[in-house]
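Presented below is the structure to which this report refers.
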Amino acid sequence: MEETGGVSAYGAAFAGGGFDFYKFIRQPQTIVRFLSWIFAMVVFACITGEGYVNTPYQAEAKCIFNHNDSACHYAVGIGVIAFLACVAFLVLDVYLPFMSNAEERKFAVIADLGFSGVWTFLWFVCFCLLASQWTKTPDDHSIPKDAARASIAFSFFSIATWGILTYFALGRFRHGINDVAIPTYTETVPDIATPYPPTYAPTSYNPTTYTPTTYTPTTYTAYPNAGYQPPSY
């Protein structure tokens with residue numbers, strides 16, 4: 001019997017096969033990860049490009065979110081790290097089917113699950129922080145409102161996409177555990193050099209032993225022809 005369990009562990013359908021680019025880009029996980037990459041880029045690009053303004057009475061530029069530089073720094077930091085992480089995990093998704101070791105796949109899926117879960121929470125904090133500071137921002141015509149609203153909106157969208165990525169990673173992790181815990185088996189090919197098939201066992205042949213009977217010849221006793229006279233004609 002040959003054990004074949006684990007070849008589809010942790011979401012990889014096979015190991016060592018060719019890479020299908022069109023199938024990869026149509027996968028739901030790839031699409032959501034690409035959207036997360038775009039949303040993160042929009043957030044930090046809006047803040048770094050138009051998130052700091054200075055009034056005629058201030059020489060130093062301040063964050064557009066209630067002049068709270070910590071809010072802008074936090075959003076930019078979360079966005080940049082999420083942007084780079086999306087690229088890294090996209091490369092990991094491409095490489096995952098080529099991993100022949102189930103332990104390596106397990107660590108890759110755990111890393112995806114942990115990072116996606118943490119970043120879902122951090123995007124939630126970012127959205128709450130930016131929305132709270134925006135409501136406290138005084139109405140000023142010099143503030144680029146579109147950039148601020150775009151940052152808040154795409155922070156909210158990032159919560160949804162990273163939450164979906166967490167769900168996908170959790171499903172892949174559970175699927176991998178089930179595949180490893182319940183291995184499948186296949187019959188081995190019988191050896192053609194065997195004189196008999198594996199299911200046929202020849203019975204032993206015991207020839208019947210023939211024992212010839214002993215022949216004892218009959219003994220005849222000769223009697224003398226005493227007193228015998230041939231007849232006269």
Side-chain angles (χ1 to χ4, degrees), residues 3-49 75-127 146-147 149-186:
E3 184 175 346
T4 58
V7 295
S8 60
Y10 300 102
F14 52 86
F19 175 67
D20 189 347
F21 176 76
Y22 295 102
K23 181 180 178 180
F24 175 75
I25 62 177
R26 290 195 301 265
Q27 291 178 352
Q29 185 172 2
T30 304
I31 296 173
V32 177
R33 204 180 295 281
F34 184 72
L35 290 176
S36 300
W37 177 74
I38 293 177
F39 295 164
M41 181 173 58
V42 170
V43 171
F44 76 78
C46 288
I47 295 180
T48 55
V76 170
I78 294 298
V80 170
I81 296 176
F83 176 86
L84 298 176
C86 287
V87 176
F89 281 113
L90 279 173
V91 175
L92 185 62
D93 291 339
V94 173
Y95 181 65
L96 186 65
F98 298 94
M99 295 182 182
S100 58
N101 191 340
E103 285 297 322
E104 294 179 358
R105 299 183 189 179
K106 179 180 178 180
F107 293 145
V109 172
I110 290 177
D112 186 12
L113 176 61
F115 188 90
S116 299
V118 170
W119 244 250
T120 301
F121 174 74
L122 293 180
W123 276 120
F124 174 75
V125 174
C126 181
F127 167 75
D146 291 339
R149 291 167 181 167
S151 301
I152 297 173
F154 283 96
S155 296
F156 178 78
F157 297 155
S158 296
I159 300 173
T161 55
W162 283 94
I164 296 173
L165 290 175
T166 305
Y167 174 77
F168 286 155
L170 181 60
R172 178 183 289 184
F173 179 73
R174 289 178 175 177
H175 180 69
I177 291 179
N178 293 335
D179 285 346
V180 172
I182 309 177
T184 57
Y185 296 91
T186 57

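Side-chain atoms are counted along with the backbone in the values below, which use heavy atoms only and exclude waters and symmetry mates. Throughout, numbering of the chain's residues begins at 1 and tracks the sequence.
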Could you state the interatomic distance from [atom1] ([X]) to [atom2] ([Y]), rounded to the nearest 0.5 Å?
{"X": "Leu35", "Y": "Phe157", "atom1": "CG", "atom2": "CZ", "answer": "11.0 Å"}
{"X": "Leu113", "Y": "Leu165", "atom1": "CG", "atom2": "CG", "answer": "11.0 Å"}
{"X": "Leu170", "Y": "Phe168", "atom1": "CG", "atom2": "CZ", "answer": "11.5 Å"}
{"X": "Phe21", "Y": "Arg26", "atom1": "CZ", "atom2": "CZ", "answer": "10.5 Å"}

Sequence neighbours left out, what passes side-chain contact (heavy atoms from CB on, under 4.5 Å) with Phe107? Give chain and number order.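 Here the qualifying residues are Glu103.
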Residue list, side-chain contact (heavy atoms from CB on, under 4.5 Å) with Ile152, at least two apart or on another chain: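 Phe65, Phe127, Leu130, Ala131, Trp134.
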Under the ring pair (Phe, Tyr, Trp, His ring centres under 6.0 Å) test, which residues partner Phe24, sequence neighbours left out?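 Here the qualifying residues are Phe19.
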With side chains defined as the heavy atoms from C-beta onward, is the minimum distance between Thr30 and Phe34 less than 4.5 Å?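 Of all side-chain heavy-atom pairs linking Phe34 with Thr30, none is under 4.5 Å.
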Only distances under 3.5 Å count here; give the side-chain donor-acceptor pairs of residues 77-99 to other protein atoms, sequence neighbours excluded, each with its distance to 0.1 Å.
residue, atom, partner, partner atom, Å
Asp93, OD2, Arg33, NE, 3.0
Asp93, OD2, Arg33, NH2, 3.4

Is the distance between the ring centroids of Phe154 and Trp123 less than 6.0 Å?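 For Phe154 and Trp123, the ring centres are not under 6.0 Å apart.
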What pairs meet the salt bridge (charged side-chain N to carboxylate O under 4.0 Å, His left out) rule with one or both residues in residues 117-127, with sequence neighbours excluded?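 Output for this query is empty, none listed.
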Anything under 3.5 Å between a donor and an acceptor, one on a side chain of residues 38-47, the other on a protein residue two or more places apart or in another chain? List them.
none

Donor-acceptor pair, Thr161 side chain versus Val32 backbone, under 3.5 Å?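 No: the side chain of Thr161 does not pair with the backbone of Val32.
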